[in-house]
2 protein chains.
Amino acid sequence: MARLDRSLIAGASAFAGLSAEALDEILSRAEILRLLKGETAFRQGEKADRFFLLLHGRLRVTRVNAQGAQILVRFIAPNDLFGVAMAIGAAAYPGTATAATESLALAWPNASWAELIATYPSLAVQAMQSLGARLQDTQDRVLELSTRNVERRIAGAVLKLARQAGRKTDEGVLIDFPLSRQDLAEMTGATLHTVSRTMSAWEAKGLVACGRQRVVVRDEPGLAAIANSDE
Amino acid sequence: MARLDRSLIAGASAFAGLSAEALDEILSRAEILRLLKGETAFRQGEKADRFFLLLHGRLRVTRVNAQGAQILVRFIAPNDLFGVAMAIGAAAYPGTATAATESLALAWPNASWAELIATYPSLAVQAMQSLGARLQDTQDRVLELSTRNVERRIAGAVLKLARQAGRKTDEGVLIDFPLSRQDLAEMTGATLHTVSRTMSAWEAKGLVACGRQRVVVRDEPGLAAIANSDE
DNA sequence: CGAAGTCTTGAATCGAATCAACGGAAGTGG
DNA sequence: CCACTTCCGTTGATTCGATTCAAGACTTCG
């Protein structure tokens, strides 16, 4: 009873190079998870008993500290594996994954992880590489926070989002999911006030167009010049 | 010709649970690397053709950006695997590893990595978990940089170092390798001036004792109170 | 001994947070 | 459909933490 089509996961790099039979086998163990905007796939501190693949939509991953301050760790895009806490030896999810738009994901019980990597070793290699890429990204973020001022950090964040979730429109490159000033603030270690001021200034210069939870990049090279300027 | 004794690597968690024969086999492929203080195991951007295990000493890993600003990514302790760029799919080393004290390491050619994890799958699992732990640490660092002021960040960094490299003395817990104000500044995203001022104030309160490239924690709970204080 | 590296401390400046008030858009419920 | 609430965004004034600028002291080493 093949309820799910293998084309659903064929695009995921985690499963790259696997045969049609392997994909079917993997799919047969998955459960479908539908999330409305604002619903969570998992919450920080919760016992980690499943891992996921996003099929459609966009999730925000946040992390809070003991004092209640929050950062936005990353956005999860379709075909990303997420919530693999178990694979890295964590008993609990280290963050909270919330749907930024209505989303669709697959979920596997943790037990499947060990079985899958035993059967398909390339999965472990892929997972390690994606983890490595995230580590590099996060270290780059530390470098940015330590050495660049707020305006350059915001420019970097907006450019990154435009590249990974941009949709060309006649106005420019639209970041194709709801993105608030607060989100950008939590990504860059700034306040929403500073983000708002900065983007207003950019809008006046024609670099971006923006609205409520909406950002359009009109002049990518101009933003890149801000992001990469020395000094 | 067993020039190296297997006890050298028996303590490394990466090789936990492997048999004596396996350890000997792994050792037989390794090359010994001696580093004087200030020498590097590898440099950022260099083609990554080897991975390493630190046997003795302490290495500083730094990363610079295009503008020349630098951060201290981490200190490598004995029994840590490092320079595993290849395992995470990076062609070049993403940072520079410099000996903070005279050090001794083992080095394997990249080709050994694939062979080793094929023969000893637990090595892949261990590597993934240590990578996961580093990702968590780095995300915590982003959270700190985004939400805590400099004094709390420095307190957190000093406590972490005291826990991972502390040696009990009659004065207090000595951080057992040369650690300059500049190092702490690069770990916390501050300037060496602010670090110096902060530590002078702490010394006056009896929280720490310090000297040239030398830090002793005299009142751990007191420092922890600073690190964890709300606002 | 001179030179280079490390650390300290003061004074001035500045970037971004904080404090504060308000406008507008979207969602909710009667 | 309209009143109400809530969420999101803007903008000004003020404050403050940390950097920057500057000078000098101490340590270690060749």
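These numbers were taken from a predicted model, which means no experiment stands behind them. Below, chains carry the letters A, B, ... as their sequence lines are ordered, and counting in each starts from 1.
When side chains are defined from C-beta on, A:Q44 counts as touching A:V64, because their heavy atoms get closer than 4.5 Å. In this structure the side chain of A:L106 reaches within 4.5 angstrom of the side chain of A:I32, judged on heavy atoms. No side-chain heavy atom of B:I71 sits less than 4.5 Å from a side-chain heavy atom of B:T62.
Every pair passing salt bridge (charged side-chain N to carboxylate O under 4.0 Å, His left out) that includes a residue from residues 137-150 of chain B is listed here, sequence neighbours excluded: A:R63-B:D140, B:E144-B:R148. The ring pair (Phe, Tyr, Trp, His ring centres under 6.0 Å) contacts involving residues 155-190 of chain B comprise B:F75-B:F177, where partners must be two or more places apart or lie in separate chains.
Residues B:S103 and B:L54 share a closest heavy-atom pair of CB-CD1, 4.1 Å. Between B:R34 and B:L104 the shortest heavy-atom distance is CG-CD1, 3.4 Å. A pairwise comparison of heavy atoms in B:T101 and B:P178 identifies CG2-CD, 3.3 Å as the closest pair.
Within the 4.0 Å cut-off from OP1 or OP2 of C:dA17, at least one side-chain nitrogen or oxygen of A:T194 is found.
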Pairs under 3.5 Å (N/O, protein and nucleotides 10-12 of chain C):
residue	atom	partner	partner atom	Å
C:dG10	N7	B:R197	NH1	3.0
C:dG10	O6	B:R197	NH2	3.3
C:dA11	N6	B:R197	NH2	3.4

Set out, line by line, the N/O atom pairs under 3.5 Å between protein and nucleotides 5-9 of chain D.
residue	atom	partner	partner atom	Å
D:dC7	O2	A:R212	NH2	3.3
D:dC8	O4'	A:R212	NH1	3.4
D:dC8	O4'	A:R212	NH2	3.4
D:dG9	OP1	A:Q213	N	3.0
D:dG9	OP2	A:R181	N	3.1

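In this structure, A:S200 reaches the sugar-phosphate backbone alone: every heavy-atom distance under 4.0 Å involves primed, P, OP1 or OP2 atoms, never a base.
A search for ring-ring contact (aromatic ring centres under 6.0 Å, His included) contacts involving B:F51 returns B:W108, B:W113, not counting sequence neighbours.
Over its length, the helix from C:dC1-D:dG30 to C:dC22-D:dG9 turns its helix axis by 40°, as judged from the five terminal pairs at each end, rounded to 10°.
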